[in-house]
Amino acid sequence: MPERDGTPPCARLLAGAVRDGVCPGAVWAVGDAAGVRSEGAVGVLDPARPGEPARPDTLYDVASLTKVLAVWGVVGTLVDAGKLDPAAPLGTYWPAAAGRPAGALTAHHLLTHTAGLPLRANLRFLYGSDPQDVRDGVLAEPLRHRPGAAVAYTDRAALILGWLAEHLAGRPLARLARERVWEPLGMAATGFGPLGPAAAARCAPTEFDEESGRHLRGTVHDFSARLLGGACGIAGVFTTAGDTGRFLRGVLAPPPGTFSPAWVAASLRVGTGGLVPPRGLLWHPAPGTGPADDVWAHFGFTGTAMWVSPARDRWAVLLTNRLYVTRDPAPLARVREEFRARAFA
């Protein structure tokens with residue numbers, strides 16, 4: 001409910017976060033399958049340009065939200081079409097994985113972060129800068145443990161899933177996401193970077209980059225994604241709160257021509273048995289909630305987050321560029337959990 005002065009509770013919370021230096025600005029929205037219930041923007045686009053406020057159409061580097069906005073959606077269309085069996089070992093139908101440690105994994109292992117892959121990407125350090133060498137090295141890397149034995153979040157899972165989707169569909173991940181997910185859902189502002197000058201001008205900058213001598217703006221922050229040209233399963237998507245809301249509305253009520261209700265239902269339930277922490281398919285239960293709450297989430301390192309709850313017919317998105325201020329995730333984490341509590345009250 002709004003405060004007595006008419007201010008939405010989420011707006012008051014985020015204005016306080018900006019005032020306290022947690023992030024330069026934030027854009028948010030809360031809604032249901034029918035549309036947006038409340039939304040707003042607070043703070044500035046760039047502290048170096050204090051006259052430019054954050055706006056509803058501000059573009060954000062959403063970091064690991066890419067794993068859901070692009071990879072999860074595209075993989076869902078492949079499963080729905082019968083082109084991908086989540087239970088089949090990769091090596092039985094993907095020649096690049098055959099005979100390598102990754103060949104023993106299934107898509108389900110990757111989707112639930114139970115594959116036993118190394119926890120850190122370290123792509124350039126381990127494999128160099130040639131994309132084919134990187135791919136070969138990732139697929140050949142020894143596993144940390146038997147597939148299915150433990151849950152451990154790793155960027156490499158979505159990276160491999162993105163490559164797998166490209167193999168099965170014969171097109172780049174960026175094109176697959178646009179054609180199979182973003183265009184059907186009306187996400188016209190969403191795309192992989194690097195952004196052109198006009199789009200970059202309305203993009204929230206992230207961390208200071210020693211190499212270029214400026215804050216990254218329109219260029220993905222994630223180093224692995226930059227190494228691979230700006231588009232991969234790990235990160236690289238730039239989008240708005242409005243477009244993220246359109247995606248989440250699609251999760252609650254999938255329209256024809258994109259991923260199916262069956263894929264959503266399979267994804268938004270625990271797929272890791274009794275392992276801890278519990279995971280769905282790339283989604284995870286929101287911190288601070290229990291099974292009865294049915295609130296699922298994904299977060300991004302740059303300061304982004306999204307939540308969805310089929311049981312409550314509710315979704316929420318919070319986009320910030322907190323990385324402009326600090327790498328310490330704790331201050332925003334506290335704000336983020338309070339935002340989720342208010343959005344799903």
Side-chain angles (χ1 to χ4, degrees), residues 17-18 21-27 41 43-55 57-67 69-70 119-131 133-134 137-138 154-156 158-159 162 173-174 189-241 244 298-305 318-333 336:
V18 170
V22 175
C23 56
V27 183
V44 297
L45 186 71
D46 183 346
R49 294 151 61 177
E52 296 183 35
R55 297 158 42 99
D57 66 346
T58 295
L59 285 162
Y60 284 86
D61 173 352
V62 295
S64 283
L65 299 196
T66 297
K67 295 175 173 67
L69 294 174
L119 299 183
R120 296 182 61 83
N122 287 333
L123 302 184
R124 188 168 197 164
F125 175 77
L126 292 172
Y127 317 120
S129 59
D130 180 80
D133 289 344
V134 171
V138 169
T154 168
D155 284 341
R156 289 178 177 232
L159 179 64
L173 178 63
T190 302
F192 279 96
L195 302 181
R202 61 185 182 93
C203 181
T206 57
E207 194 169 42
F208 185 81
D209 177 51
E210 295 287 349
E211 187 173 322
S212 64
R214 65 190 62 163
H215 284 266
L216 294 169
R217 186 171 191 157
T219 297
V220 63
H221 171 266
D222 184 89
F223 187 79
S224 296
R226 268 187 280 161
L227 179 68
L228 297 174
C232 69
I234 295 174
V237 167
F238 290 82
T239 191
T240 64
T244 308
H298 210 289
F299 305 142
F301 183 69
T302 49
T304 58
L318 172 61
L319 303 182
T320 83
N321 56 332
R322 68 95 185 169
L323 199 56
Y324 190 104
V325 179
T326 178
R327 283 198 164 209
D328 180 4
L332 182 64
R336 188 178 63 205

Check: [Y] and [X] side chains under 4.5 Å, non-hydrogen atoms:
{"X": "Leu123", "Y": "Val138", "result": "yes"}
{"X": "Pro24", "Y": "Leu45", "result": "no"}
{"X": "Pro53", "Y": "Thr58", "result": "no"}
{"X": "Leu195", "Y": "Arg217", "result": "no"}

Can you tell me if [X] uses its side chain to pair, donor with acceptor, with the backbone of [Y] under 3.5 Å?
{"X": "Thr206", "Y": "Leu323", "result": "no"}
{"X": "Arg55", "Y": "Ala41", "result": "no"}
{"X": "Asp61", "Y": "His221", "result": "yes"}
{"X": "Asp222", "Y": "Ala63", "result": "no"}

* Once the angle between the rings of Phe208 and His215 is folded into 0 to 90°, is it parallel (under 30°), tilted (30 to 60°) or perpendicular (over 60°)? -> perpendicular
* Asked: Listed by chain and number, what are the side chain to side chain contact (heavy atoms under 4.5 Å, CB included) partners of Ala305, not counting sequence neighbours?
  -> Phe299, Trp307, Arg336
If you take all heavy atoms of [X] and [Y], which pair is closest and at what distance?
{"X": "Gly43", "Y": "Val18", "value": "CA-CG1, 3.8 Å"}
{"X": "Gly233", "Y": "Thr66", "value": "O-CG2, 4.1 Å"}
{"X": "Leu59", "Y": "Ala199", "value": "CD1-O, 3.6 Å"}
{"X": "Ala121", "Y": "Arg156", "value": "O-NH2, 2.7 Å"}
{"X": "Gly236", "Y": "Ala225", "value": "N-CB, 4.5 Å"}
{"X": "Leu318", "Y": "Ala26", "value": "CD1-CB, 4.2 Å"}

Distance from [X] atom [atom1] to [Y] atom [atom2], nearest 0.5 Å?
{"X": "Phe238", "Y": "Phe192", "atom1": "CZ", "atom2": "CZ", "value": "10.5 Å"}
{"X": "Glu207", "Y": "Asn321", "atom1": "CD", "atom2": "CG", "value": "11.5 Å"}
{"X": "Thr239", "Y": "Leu319", "atom1": "OG1", "atom2": "CG", "value": "7.5 Å"}

* Asked: Are Arg322 and Asp328 close enough, and set up right, to give a salt bridge (charged side-chain N to carboxylate O under 4.0 Å, His left out), and what steps lead you there?
  -> CA-CA 9 Å; Arg322 68 95 185 169; Asp328 180 4; over 6 Å; no
* To do: Tell me, with the steps shown, if Val325 and Val22 meet side chain to side chain contact (heavy atoms under 4.5 Å, CB included).
  => CA-CA 7 Å; Val325 179; Val22 175; over 6 Å; no
* Which of these passes side chain to side chain contact (heavy atoms under 4.5 Å, CB included) with Tyr324: Thr302, Leu216, Asp46? -> Asp46
* Only one of Val220, Ile234, Leu159 clears side chain to side chain contact (heavy atoms under 4.5 Å, CB included) with Leu228; which? -> Leu159
* Asked: Can you list the residues that meet the salt bridge (charged side-chain N to carboxylate O under 4.0 Å, His left out) rule with Arg202, with sequence neighbours excluded?
  -> none
